[in-house]
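Accompanying notes for the structure given below.
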Amino acid sequence: MSFGVFDIALWELCLLGALLLAFCYEVYFYARYMSISRKSKVESRKQLVESEEEPGVSVIVCARNEGYNLKPYIQSLLTQDYPLFEVIIVNDGSEDNTQAVIDEYTALDKRVKTTFVPCGARVRSTKKLGLTLAAKAAQYDYLLLTDADCRPESVHWISEMVAPLKQSEIALGYGAYFKENSLLNSVIQYETLFNGLHFLGAAATGKPYMGVGRNLAYRKDTFFANGGFSHQMNACAGDDDLFVNKVANKHNTAAVYSRDSVTWSVPKTTWKSWWQQKRRHLSVSDNYKPSTKRHLLREPMARGVFYALFIALMIIGSPLVMTAAFALMLLRLGLQLIMLNIGADHFQQPRVGLELIWYDMLLPVVTGCIMLLPKKKDW
């Protein structure tokens, strides 16, 4: 059966209609969740009431065999332009010179404090235990979390990240990775940009679902009022995303977009370590709220349907249908490149080119393969 002068078969119209629906959802997703052009609901530190006294902040750093990284990165924390803060370093069972570096800095600067995870602690996640001990030891009401290999973008990092806590309870920041010249680093940069824009965009639109522990702030009373990590101590990871997923909502969570709020971390340098990191992070996904699971499934499913239908129509479709499908692909690719590169420029990340197509198709497949693998008991 065909229709009109263009001689388009019914099955072609059905497939093209399905392709258009998938395209429309992709447009909706990128416009709603991946855009940073809209105004964040949280004002920057410069726009807050300057007459208010700046609250004290406890910066918490969990370190496990991070002696090499601690020296340069602790110094970047101590040079922050903020009037009242402390840095609490948690020694999470390190076997290198981490404790010696900590001792050096606690002797040099009274703002540096330390605590440690007791040897032989029988918990699956000693990091969660360490962060809990640090939160209890914190003398200030605002907790700002980062990693031992993180460098703040600016001396105003603390100011930017805790400014929203005057109005909200949780502040989510962007965590970037240092750029290196390798294929693996290119994959990491793309994945970090996509995920970062997504979770910040979801929070800015009232649907927060995760954060990253290398750039996350919340109130101390919020942490303990919600039981801290008590609901997830049996999970090997999730000290950041599971806590945010449980506690965050549209009323108490802010997305911080300013460049001064970004942190920079050391990326994985081998495919094996990257694969293990992804497996560890994805191992806790079963603990997400059902609404979060549905939200995270929609876009990859729409993306998969779009690519499958596009390939099918390009192979078996009539010339007119092939032209329409190709036009939709170009529009979608153009939208992606515009939205992702606006974000990349804003956060000073590498721009995305046509390699986007490969990452767009392959990374969901990698994620799906990892999800199908048996979960490890220990990492």
Side-chain angles (χ1 to χ4, degrees), residues 25-26 28-30 32-34 40-42 123-125 127-128 131-132 135 143 145 164-165 167-175 191-192 194-256 277-304 363-364 366-377 379:
Y25 181 80
E26 291 287 273
Y28 164 79
F29 175 83
Y30 273 86
R32 181 171 176 80
Y33 297 117
M34 306 295 280
S40 173
K41 67 178 181 179
V42 176
V123 292
R124 290 194 66 189
S125 175
K127 183 178 181 181
K128 294 191 187 107
L131 292 175
T132 302
L143 308 180
L145 278 61
L165 298 184
Q167 304 168 352
S168 303
E169 298 177 37
I170 302 171
L172 310 179
Y174 187 88
E191 189 174 35
T192 301
F194 183 92
N195 291 338
L197 291 177
H198 186 191
F199 78 74
L200 287 176
T205 54
K207 294 183 178 180
Y209 68 90
M210 68 162 283
V212 291
R214 56 189 184 272
N215 202 6
L216 173 65
Y218 41 75
R219 295 182 184 178
K220 183 176 179 179
D221 57 356
T222 298
F223 179 75
F224 288 110
N226 288 278
F229 301 125
S230 60
H231 63 289
Q232 48 169 291
M233 287 302 291
N234 289 327
C236 60
D239 52 275
D240 42 17
D241 53 343
L242 289 186
F243 177 78
V244 172
N245 193 254
K246 176 180 182 292
V247 177
N249 58 58
K250 64 180 180 180
H251 302 295
N252 70 357
T253 304
V256 186
Q277 182 186 53
K278 284 187 67 66
R279 285 196 68 183
R280 185 173 66 254
H281 290 168
L282 291 171
S283 68
V284 301
S285 59
D286 290 342
N287 297 313
Y288 281 178
K289 295 176 182 176
S291 59
T292 299
K293 294 178 182 179
R294 291 192 296 269
H295 172 78
L296 293 178
L297 277 174
R298 290 190 194 106
E299 194 281 328
M301 288 181 63
R303 191 192 318 181
L363 283 174
V366 171
T367 299
C369 291
I370 292 176
M371 295 295 292
L372 293 174
L373 292 173
K375 300 291 191 299
K376 286 187 176 182
K377 294 183 178 181
W379 296 88

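The distance from atom CD of Q277 to atom CG of L282, rounded to the nearest 0.5 Å, is 10.0 Å. Rounding to the nearest 0.5 Å gives a distance of 6.5 Å between NZ of K278 and CG of L363. Distance check, rounded to the nearest 0.5 Å: CG of N287 to CG of D241 gives 9.5 Å. Atom-to-atom distance recorded for L296:CG and M210:CE is 9.0 Å, nearest 0.5 angstrom. Note: F223 CZ to L145 CG = 8.5 Å, rounded to the nearest 0.5 Å. Interatomic distance, R279 CZ to T367 OG1, rounded to the nearest 0.5 Å: 13.0 Å.
Scored by the side chain to side chain contact (heavy atoms under 4.5 Å, CB included) test, N226 finds T222, K246, V247 as partners (sequence neighbours excluded). The salt bridge (charged side-chain N to carboxylate O under 4.0 Å, His left out) test applied to K289 returns no partner, not counting sequence neighbours. With sequence neighbours excluded, no residue forms a ring-ring contact (aromatic ring centres under 6.0 Å, His included) with Y30. The side-chain hydrogen bond (donor to acceptor under 3.5 Å, both in side chains) test applied to T292 returns N245, not counting sequence neighbours. In terms of the side-chain hydrogen bond (donor to acceptor under 3.5 Å, both in side chains) criterion, residue partners of Y174 (sequence neighbours excluded) are, by chain and number, Q349. Residues that satisfy the salt bridge (charged side-chain N to carboxylate O under 4.0 Å, His left out) test with R303, not counting sequence neighbours, are E299, D360. For K220, there are no side-chain hydrogen bond (donor to acceptor under 3.5 Å, both in side chains) partners two or more places apart in sequence or in a different chain. For K293, the side chain to side chain contact (heavy atoms under 4.5 Å, CB included) partners two or more places apart in sequence, or in a different chain, are Y288. For Y28, the ring-ring contact (aromatic ring centres under 6.0 Å, His included) test picks out Y25, with sequence neighbours left out.
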Review point. Passes side-chain contact (heavy atoms from CB on, under 4.5 Å), R298 versus F29? Steps please.
Key: CA-CA 9 Å; R298 290 190 194 106; F29 175 83; over 6 Å; no
Exercise for review: Begin with the C-alpha distance, continue with both residues' side-chain angles, and end with the deciding distance and a verdict on side-chain contact (heavy atoms from CB on, under 4.5 Å) for Y218 and V244.
Suggested key: CA-CA 10 Å; Y218 41 75; V244 172; 5.9 Å; no
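For the pair I170 and L172, the tightest heavy-atom approach, listed with the atom from each and the gap, is CG2-CD2, 3.8 Å. The two residues V212 and G173 have their closest heavy-atom pair at CG2-O, 3.8 Å. Annotation for R32 and K207: closest pair NH2-CE, 4.3 Å, computed over non-hydrogen atoms. Pairing each heavy atom of G228 with each of F243, the nearest pair is O-CD1, 3.7 Å. Summarising the geometry of V256 relative to P164, their closest heavy-atom pair is CG2-CG, 3.7 Å, with the distance given to 0.1 Å. Annotation for L216 and A171: closest pair CD1-O, 3.6 Å, computed over non-hydrogen atoms.
The aromatic rings of H295 and Y33 sit perpendicular to each other, their planes meeting at more than 60°, with 30° as the lower class boundary.
The main-chain N or O of K250 is never found under 3.5 Å from a side-chain atom of T253 such that the two would form a donor-acceptor pair.
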